Amino acid sequence: MANGKDTEARPARDADDRENGERYDPSTVEAKWQATWDREGTNRFTDQELRAPENPFYNLMMFPYPSAEGLHVGNIYAFTGADVHGRYQRLQGKQVFEPIGFDAFGIHSENFALKVGTHPMDLIPRNVANFTRQLRRIGGMFDWDHTVDTTTPEYYRWTQWLFLQLFKGGLAERKEAPVNWCPSCMTVLANEQVVGGLCERCDTPVEQRRIAQWFFRISDFAERLLTNLEHIDWSRTTRKAQENWIGRSEGAVLRFPVEGTQETLEVFTTRPDTVFGASYMVLSPEHPLADAVTTPERRTETEAYRERAAKMDVVARQKTEKDKTGAFTGGYCRNPATGERIPIWIADYVLMEYGTGAIMAVPAHDERDFEFARKFDLPIPRVIAAEGEDASTPLPEAYTGPGRLVNSGEFDGLEVEEGKRRITSHLAERGLAEARVNYRLHDWCISRQRYWGPPIPIVHCDACGAVPVPEEELPIILPRVEDFKPDDSGVSPLARVREWYETSCPSCGAAARRETDVSDTFLDSAWYFLRYPSAGQDEAAFDPEITRNWLPVDCYIGGNEHAVLHLLYARFITMALHDLGHVDFEEPFTQFRAHGLIVREGAKMSKSKGNVIVPDPIIEDYGADAFRLYLMFLGPFEEGGDYRDAGIQGPFGFLKRLWETVVPVEDLTEGAPDPEVERKLHQTIEQVSRQLPELGYNTSIAALMEYLNVVRSGGRQAARAEIEPVIPMVAPFCPHIAEELWARLGHEGSVFDGRSWPDFDPAKAREETVTVAVQVNGKVRATLELPAGTPEEVVLEQARAEPNVARYLDGAELRRVIHVPDRLLNLVVG
RNA sequence: GCCGGGGUGGCGAAACCGGUAGACGCAGGGGACUUAAAAUCCCCCGGGAGCAAUCCCAUGCGGGUUCGAGUCCCGCCCCCGGCACCA
């Protein structure tokens, strides 16, 4: 390892150029240290270290999809922010495991491969190589011995294993259900991948299809996924997004007997208190009983309506949001509360996917039912009255506020919440109701009719049904198929590869057929953090001992765009593995922090706008350190920032000045620091030590800049004791220059090893002289430079002596004096 | 509509527990050095009035609490994100 002594003696001053020493040349410094880290295997863990760590800290960031374009600024921003945190932890004496990998399976890779006409098996390694080069260049503290690529059989073997565990645990099932079909991607999508009725990848309106698909029973975990959010240390925004997605609502299932049959219609409602006002029923057009309740004379119209609804995609349905449509079936139910006969309608404003696919309509107290009743001239009986209101007047709109029950028989006068409880239990006695919690969260559809993913390890046998592939036969290798274009058939391109799918049943040995669907990419990323520390082990997906040592992840940093996709799935998979006895924790990420978004000069970056920042040339010109520093300085890390091209000048100048302050090391003053500078130093140490662990990067950097300005003020020569402690504080942001300067200051070994972080001494940070603001009636009229701890009487005396204070006191009565020691004196006069 | 997060100079932002609003940086202006430029260094930089001392205004808008409010409370407006015919 290099140190100051190894470097060339200072060249004679280059009069032309600068005053002394050699110029800060980031490319040389960075190349040198990257080579050193590489050579020495810095930040790489051996198997032994993973098995017996001393002070482990698992620092995780979201692994990238290796696109052909290379790393974009968003990646670099996220990785740098996470790396700064990892390096900070390292400086605090933690053994920091900081892995990176590649999320290279999935539709995005496959689509790109189709577009450029290159097979993904050829394309991905190229992109991975390019990403690796870029990731090294930005100076991340990555453990290159524990990287993963989800497309390698060594990895997806275990993804398939994971599927089998869930299958055996009863958490994976194949069922025919309405699923989201993207006609452009030609595959089904999970609900989480449909945004506003559009495919999140290509913005094509999604169709509903009924195809048998593999689902993971994530909805069984809804309550735990929700309640655990309360005790994990996650960004509020992310927790709230998951809460919204899980969508818990408390209510009841009510049963309405269908007239002329033994059937009952079940509805879910959050307002059982309004059941006396349920004046009609509405079934979703897809409801299984819709046909049975239809009378012969209504059949033509009802069927026409159902056909029309079936043809509409989700977007078209949403467009009609306010415009209610529907058809009367001719059938009737009995209101379980009133015994009244009420008509059954079908309408597309009732969704099959939610609740029971049927509702009791209470037009007086539900906006949608109100509109529907208005449109079809149905009665609007009111059963809730607001405080002090006359309940006999017709409603101009649905009343959904608080109040008391009216027209509700024995329940009249009850307040809404009480009414819910009493009516539910009353109906429950007759078997017509039960309290129920309903969730918006649906089971996770994980099968994809595409090529570029791990084949689902199931064999279909005519005799035995869906049979799991024995674990010892994994991986089921994804064959190289030249024609992997998806089609509209509803099956994967693998279904065209007979020699691949033809097999024998693992159970009975008869001729059988492999499952030809592959699994969703989000399954690959739902467990990769478990694999990292065990990467390279081939006995298990994750080694039990190593996993006990390192997991759950201590800190995870990533984008909030994955709040309800990746982050929810990863929690579910971990919870499932916990229940199946594979891990001893339920939550994978102890801490999660969502970083903000980088925009450029106020606008979102996008390829079409042509305002995307290309990082490589910037790094070439200013170095990775300056780029990292600038990105972290832009704004609060958790809020993002506005990238301005010229802005890097500030941080770059800081590094140049830092370099010039240290570099002819011989010029540094030995001995005691200047007391004023030392005071500022300790204030800086305090601030940085407090803010850095909380990702307060921009303010930490500002404090370091401020301190350097003090050190250099008036062109003074810095003392070693003044500047040396700065190096470890700069190191998380700018590891290369920090290593170099640390070495030049004569230290053996890396700045990240040992205890280089400066200690904060409050006594040294204390100000001897303070500025006290003197206010008169709350307005600052003067400031006083006083020794710290000056008593009130003295401050007051001095304040009175200030002409600009005295003029306000003159002739007025001093009514009150408020003294905040060492800060402020407020004189209240009347 | 519901649930989060925001709104502070020309710009990105800072401000601890309610105590001098605008630290740090960018851009801009002026100056030094230079034949010149780059680089570097120094000074100025919220708005208004004034020769100046100084004064007034100013943290989205309107109220309130307080000796004192960017910060706390009430009511609005706007921007960003999540959910959304979810019963």
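Labels below follow one simple rule: chain letters A, B, ... track the order of the sequence lines, proteins then strands, and each chain is numbered from 1. Just so it is clear, the structure is predicted and the values come from calculations on it, not from any experiment.
For D366(A), the listed nucleotide lying nearest its side chain is A87(B); candidates were G82(B), U54(B), A87(B). Looking at the side chain of N826(A), the nearest of the listed nucleotides G19(B), A39(B), G25(B) is G19(B). Side chain of T269(A), nearest nucleotide from C24(B), A87(B), G82(B): A87(B). Candidate nucleotides U40(B), C24(B), A87(B) were compared by shortest atom distance to the side chain of A702(A), and C24(B) ranks first. Out of C86(B), G25(B), A14(B), the shortest distance to the side chain of R440(A) is found at C86(B). Taking only side-chain atoms of R781(A), from C-beta outward, the nucleotide of A87(B), G81(B), C55(B) with the closest atom is C55(B). Nearest nucleotide to the R712(A) side chain, out of A15(B), C41(B), C24(B): C41(B). Relative to the side chain of S249(A), the nucleotides A87(B), C83(B), C16(B) differ in distance, and A87(B) lies closest. Comparing C26(B), A84(B), C85(B) against the side chain of W245(A) picks out A84(B) as the nearest. Closest approach to the R368(A) side chain among A87(B), C86(B), C26(B) is made by C86(B) (side chain taken as heavy atoms from C-beta onward).
Applying the 90° cutoff around 0 to the glycosidic angle, G9(B) is assigned syn. C17(B) shows a glycosidic angle within 90° of 0 and is accordingly assigned syn.
The closest donor-acceptor contact from the side chain of D822(A) to the backbone of A788(A) lies at 3.5 Å or more, if one exists at all.
For G5(B), the OP1/OP2 oxygens have a side-chain nitrogen or oxygen of R236(A) closer than 4.0 Å. Using a 4.0 Å cut-off, no side-chain N or O of Y707(A) falls inside it from OP1 or OP2 of A23(B). A close approach under 4.0 Å does occur between a side-chain nitrogen or oxygen of N804(A) and OP1 or OP2 of C55(B). Close to C83(B), at under 4.0 Å from its OP1 or OP2, lies no side-chain N or O of K240(A). Regarding contacts with the backbone of C57(B), a side-chain N or O of K779(A) is found under 4.0 angstrom from either OP1 or OP2. Using a 4.0 Å cut-off, some side-chain N or O of R823(A) falls inside it from OP1 or OP2 of U20(B).
When every heavy atom of R712(A) is checked against every heavy atom of T661(A), the shortest pair comes out as NH1-OG1, 2.9 Å. Shortest non-hydrogen contact noted between N698(A) and P636(A) is ND2-N, 3.4 Å. Closest approach of I218(A) and L441(A) over heavy atoms only: O-CD2, 3.9 Å. Counting all heavy atoms, side chain and backbone alike, S700(A) lies closest to F733(A) at CB-CZ, 4.3 Å.
The separation between L283(A) atom CG and A87(B) atom P is 18 Å, rounded to whole Å. Atom CZ of F268(A) is separated from atom P of C86(B) by 12 Å (rounded to the nearest Å). For the pair Q775(A) CD and C67(B) P, the computed distance is 13 Å after rounding to whole Å. Between R436(A) atom CZ and C86(B) atom P there is a gap of 19 Å when expressed in whole angstrom units. To the nearest angstrom, P of A14(B) lies 14 Å from CD of E706(A). Taking atom CG of residue N709(A) and atom C1' of nucleotide C24(B), one finds them 8 Å apart after rounding to whole Å. Distance D645(A) CG to C11(B) C1': 13 Å, rounded to the nearest Å. Computed from coordinates, the L634(A) CG to G25(B) P distance equals 15 Å when rounded to whole Å.
Counting distance only, with no hydrogens placed and no angle test, the side-chain atoms of D642(A) and the base atoms of G12(B) include no donor-acceptor pair under 3.5 Å.
Note that R571(A) lies in the cation-pi zone of W234(A), set by a 6.0 Å cut-off to the ring centre and a 45° limit from the axis.
A side-chain N or O of T699(A) and one of Q691(A) form a donor-acceptor pair less than 3.5 Å apart.
Positionally, the nearest nucleotide of RNA chain B for V820(A) lies more toward the 5' end than for the other of V820(A) and R657(A). Mapped onto RNA chain B by nearest heavy atom, V828(A) and H442(A) fall at different nucleotides, with V828(A) at the one closer to the 5' end.
Nucleotide C83(B) is matched to G1(B) when pairs are restricted to Watson-Crick or G-U wobble geometry with both distances under 3.5 angstrom. Nucleotide G62(B) has C74(B) as its partner under the Watson-Crick or G-U criteria, with both atom distances under 3.5 Å. The partner of G12(B) is C24(B), judged by Watson-Crick or G-U wobble contacts that both fall below 3.5 Å. The partner of U35(B) is absent, by the rule that a Watson-Crick or G-U pair needs both atom distances under 3.5 Å. Using Watson-Crick or G-U wobble geometry with both donor-acceptor distances under 3.5 Å, U54(B) finds its partner in A49(B).
Straight-line distance between the C1' atoms of C78(B) and U59(B): roughly 16 Å, to the nearest whole Å.
Among the protein residues, I359(A) comes within range of the nucleic acid bases, having at least one heavy atom under 4.0 Å from a base atom. Residue contacts shown for T270(A) are limited to sugar-phosphate atoms, with no base heavy atom under 4.0 Å away.
Of the listed residues (H682(A), Q683(A), R690(A), Q687(A)), just one forms a side chain to side chain contact (heavy atoms under 4.5 Å, CB included) with F760(A), and that residue is H682(A).
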